[in-house]
Amino acid sequence: MDQFETTVKGVTCICEVDFYYPGTNYPINAESEAPNDDPEFHFTLSNHNGQPINWLNHNLSDEDSERIFEEFLDHAKEYESDCTYH
């Protein structure tokens, strides 16, 4: 899918995005009672040879995961703007 470089616990690695679902953002009104879905983001941290770094993947803090998700969103925005034709 997508990948980008990041650093976790002092280790420079590649974040390989396994799955991303942006969630839903239905407008809240009297006619719609559909709940909004939260985004889903699953990833694997690998070395530069593509091998998963298992000890790092199993020892991520919530803060690490949130930061990596934000980095992914920034990376996706940059990619989107690079692919826009003028």
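Keep in mind that the numbers below use all heavy atoms, side chains included, and drop hydrogens, waters and symmetry copies.
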* Asked: Nearest 0.5 Å, what's the CD1-CG distance between I14 and N49?
  -> 10.0 Å
* To do: Could you tell me which residues satisfy side chain to side chain donor-acceptor pair (under 3.5 Å) with T6, sequence neighbours excluded, listed by chain and number?
  => R67, E71
* To do: Please identify each residue that fulfils ring-ring contact (aromatic ring centres under 6.0 Å, His included) with F69, with sequence neighbours left out.
  => F41
* **Nearest-0.5 Å distance, NZ of residue K9 to CD1 of residue I53** => 12.5 Å
* Rounded to the nearest 0.5 Å, what's the gap from CD on Q3 to CG on L45? Could you check? => 12.0 Å
* When rounded to the nearest 0.5 angstrom, what is the spacing between NE2 in H48 and SG in C13? -> 8.0 Å
* Asked: Any sub-3.5 Å donor-acceptor pair from T7's side-chain atoms to G10's backbone N or O?
  -> no
* Check T24 against D37 and note the closest heavy-atom contact, atom names and distance. => OG1-N, 2.7 Å
* Distance, nearest 0.5 Å, that separates CG of L60 from OG of S65 -> 5.0 Å
* Asked: Is the centre of the F72 ring less than 6.0 Å from the centre of the F43 ring?
  -> no
* Is there a donor in the side chain of E16 and an acceptor in the side chain of S46, or the other way round, less than 3.5 Å apart? -> yes
* Reported CD-to-OH distance for the pair E40 and Y20, which is rounded to 0.5 angstrom -> 11.0 Å
